[in-house]
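Protein chains get the first letters and strands the later ones, always in sequence-line order, with residue 1 at the start of each.
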Amino acid sequence: MLGRQWQSRTAAGLVLSVALSATLEAQFVTREEALAAVFPDAEVEAERVFLTEDQMHRAAELAGGDPPSALVARYLAREGGAVVGRAYVETHVVRTKRESLLISLDASGTVRRIDVTAFLEPPEYVASERWLDQYAGRPLSQDLALGREIRPIAGGTLTAIAANGAVRRVLAIDHVLEADR
Amino acid sequence: MLAFVVSGGRAWAQPPDADTDQSDVDSDSRTEGESSHQPSDLEELQRQLDILAEEVERLRSGEEEAVELSEDQVRALGLAPSAARSYERSRGVSIAGYGEMLYERFSGANQAGDPSERTSQIDFLRAIIYAGYRFNDKFLFNSEIEIEHADEVFVEFAYLDYLVHKNLGIRGGLVLLPMGLVNEFHEPTVFLGAERPVTESVIIPSTWRENGGGVHGSAGMFSYRAYVVNGLAGANFSSEGIRSGRQKGSKAKAENFAFTGRLDVTPTPGVFVGVSFYTGGSGQGDIAIDGHNFDVRATIVDVHGQAQIRGFDVRGLFANASIGDALQLNEVLGKTGTSGVAEAMRGGYMQAGYDVLSQSNALGDTQLTPYYRWERVDTQATMPVGFDRSRSTDNTFNTIGVEVKPIPNIVVKADYGWVSHDAETSVNQFSIGLGYVF
């Protein structure tokens with residue numbers, strides 16, 4: 001049996017943790033915070049692009065799945081007038097609730113970094129930074145899939161499937177938009 | 001220095017030359033009397049479209065609601081502005097679930113060749129609804145309501161979480177104990193095999209949940225959980241393990257508490273190793289001789305690992321359980337001979353599977369994974385003085401099977417298991433499992 005003194009100390013520690021926690025940071029970054037971290041020296045311009053039917057069709061073929069909407073929210077990062085990167089907000093359902101990822105690309109269209117900006121499922125299912133880091137430097141390819149270049153999340157299969165689909169859709173949309181530029 | 005151009009966003013259907021095309025159309029269609037109004041009208045429409053698009057996109061994203069607290073409101077909460085941000089975040093109900101059905105067909109003869117007299121069975125093992133509610137960015141409720149065998153209702157877990165920091169959460173309620181590979185992640189699409197490994201049924205009695213609370217979180221490659229919970233009920237231990245000692249959160253006796261936790265290391269995505277432990281009294285005031293209560297301390301330690309790389313899925317676990325005051329426990333329970341509760345129990349398994357479709361796009365998301373599991377479980381590894389080992393409690397299992405996932409949320413599994421022990425009364429079985437998760 002655990003001693004009563006030990007139990008009291010544990011309870012006191014938990015209460016203290018709760019009290020101190022009000023000064024600590026929130027769980028997810030905002031997209032503005034994420035953009036500032038990815039493109040620290042850039043001027044970032046928000047864009048909202050309406051895909052044409054042809055662009056939707058081409059993006060779906062490349063991604064292996066339909067874009068969720070013709071409305072695409074993205075940001076262009078410029079340094080000295082030159083575009084150094086683009087970032088897309090991708091929102092999708094994991095189980096029954098939504099997740100939003102800010103997927104940042106470099107100028108050539110490969111993944112630079114991914115940030116979770118909203119995750120409404122229970123937090124134990126959220127993809128970790130280390131897992132999302134697998135995508136850094138990767139372009140769109142057939143091998144960009146779970147069980148190939150991308151490893152799964154133990155106990156988080158649906159999260160991994162949702163995130164991988166999101167990355168593929170963003171890379172496909174970016175490819176199509178840049179091709180039409 | 002980062003600068004956001006808030007009003008510079010624009011929307012177009014043809015990205016390349018939308019501005020040029022539109023100005024051409026404007027000049028061509030301009031008529032006398034309207035020439036001074038149309039461009040500004042179009043600009044206003046463009047501005048309004050931008051605003052609407054931004055609103056739609058923000059609503060769609062699930063990010064922070066556009067509810068801003070005034071300084072007075074923040075002061076009324078008694079919080080610093082950053083702490084008050086949690087009151088502005090999204091809320092909502094979350095629903096999910098899973099279920100599994102199991103068909104078991106037993107061999108007609110046991111290990112010695114005698115009639116097995118086991119009856120085939122098909123059971124809707126579990127139908128589960130997860131229900132959660134996020135009060136705000138920091139507080140949430142999560143639960144799993146289970147109907148077992150189609151007619152038994154349980155609360156598998158129901159807890160409140162306080163998300164203190166990205167590295168720290170505080171949890172309280174009916175919690176799953178953070179032991180082994182299966183107990184916390186027991187959905188049928190997660191583990192290989194029509195049935196869970198026996199080690200994670202009798203040594204780590206999944207699904208194991210008790211009342212209590214503690215902390216959880218992760219930092220870098222490390223993740224951890226540590227809880228204080230009510231202890232097991234040792235009066236229900238048997239020669240077959242400690243599974244019946246779970247109190248399941250229902251009017252649980254709390255004369256003895258326990259401490260449990262785990263630490264996992266994920267050196268690279270898809271690969272992790274870790275250790276879990278549980279220690280606490282199980283007497284609960286029920287194991288007393290001549291007025292002296294015995295703690296019956298149960299201590300369980302497991303080491304585990306898992307690797308999922310390029311279609312391969314390899315897992316292994318070893319668990320050891322020791323029971324203090326086993327002699328006195330057996331005396332109070334009236335157990336004799338080979339029916340006694342052991343001082344030590346242990347078990348472990350290694351399993352491997354390979355998704356043969358993982359490197360091909362031919363069948364889309366379909367997965368086809370043959371697997372093999374070797375397992376040994378001994379629930380009477382060490383007996384107290386005066387008690388003998390049963391010849392049927394040290395079992396070796398060899399299971400070979402295949403699972404098919406037409407989509408990641410649905411699985412069909414079929415396997416055949418060979419079981420052996422010294423008494424030669426074990427019975428092999430063929431199993432088919434059907435599972436879903438949403």
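In this structure, Thr157(A) OG1 and Gln308(B) CD are separated by 7.5 Å, a value rounded to the nearest 0.5 Å.
For the residue pair Phe438(B) and Arg95(A), the shortest heavy atom distance occurs at O-NH1, 3.2 Å. Here the closest non-hydrogen pair linking Arg151(A) and Pro269(B) is CD-O, 2.6 Å. Annotation for Tyr125(A) and Glu187(B): closest pair OH-OE2, 4.1 Å, computed over non-hydrogen atoms. The two residues Gln306(B) and Ala154(A) have their closest heavy-atom pair at NE2-CB, 3.9 Å. What you find for Arg130(A) and Thr266(B) is that their closest heavy atoms are NH2-O, 2.7 Å.
With a 4.5 Å cut-off on side-chain heavy atoms, Arg310(B) and Glu149(A) count as touching. Looking only at side-chain heavy atoms (C-beta outward), Gln134(A) and Thr268(B) stay at 4.5 Å or farther from each other. Between Arg148(A) and Asn361(B), some side-chain heavy-atom pair lies under the 4.5 Å cut-off.
Arg225(B) does not touch chain A: none of its heavy atoms, backbone or side chain, sits under 4.5 Å away. Proximity to chain A (any heavy atom under 4.5 Å) is shown, for Glu184(B), by neither the backbone nor the side chain. Within the 4.5 angstrom heavy-atom criterion, atoms from both the backbone and the side chain of Glu121(A) approach chain B. For a residue to count as touching a neighbouring chain, one of its non-hydrogen atoms must lie under 4.5 Å from one of that chain's; by this rule Phe141(B) does not touch chain A. Heavy-atom distances place no part of Phe312(B) under 4.5 Å from chain A, backbone and side chain included.
A 6.0 Å sphere centred on CD of Gln359(B) holds more than 12 heavy atoms belonging to other residues, nucleotides or ligands.
Of all the listed residues (Ile95(B), Leu140(B), Asn167(B)), the one sharing the greatest number of non-hydrogen pairs under 4.5 Å with chain A is Ile95(B). Contact count versus chain A (heavy atoms, under 4.5 Å) is highest, among Ser282(B), Gly97(B), Ser360(B), Gly283(B), for Ser360(B). With respect to chain B, the highest number of heavy-atom pairs below 4.5 Å among Asp143(A), Ile153(A), Val94(A) belongs to Asp143(A).
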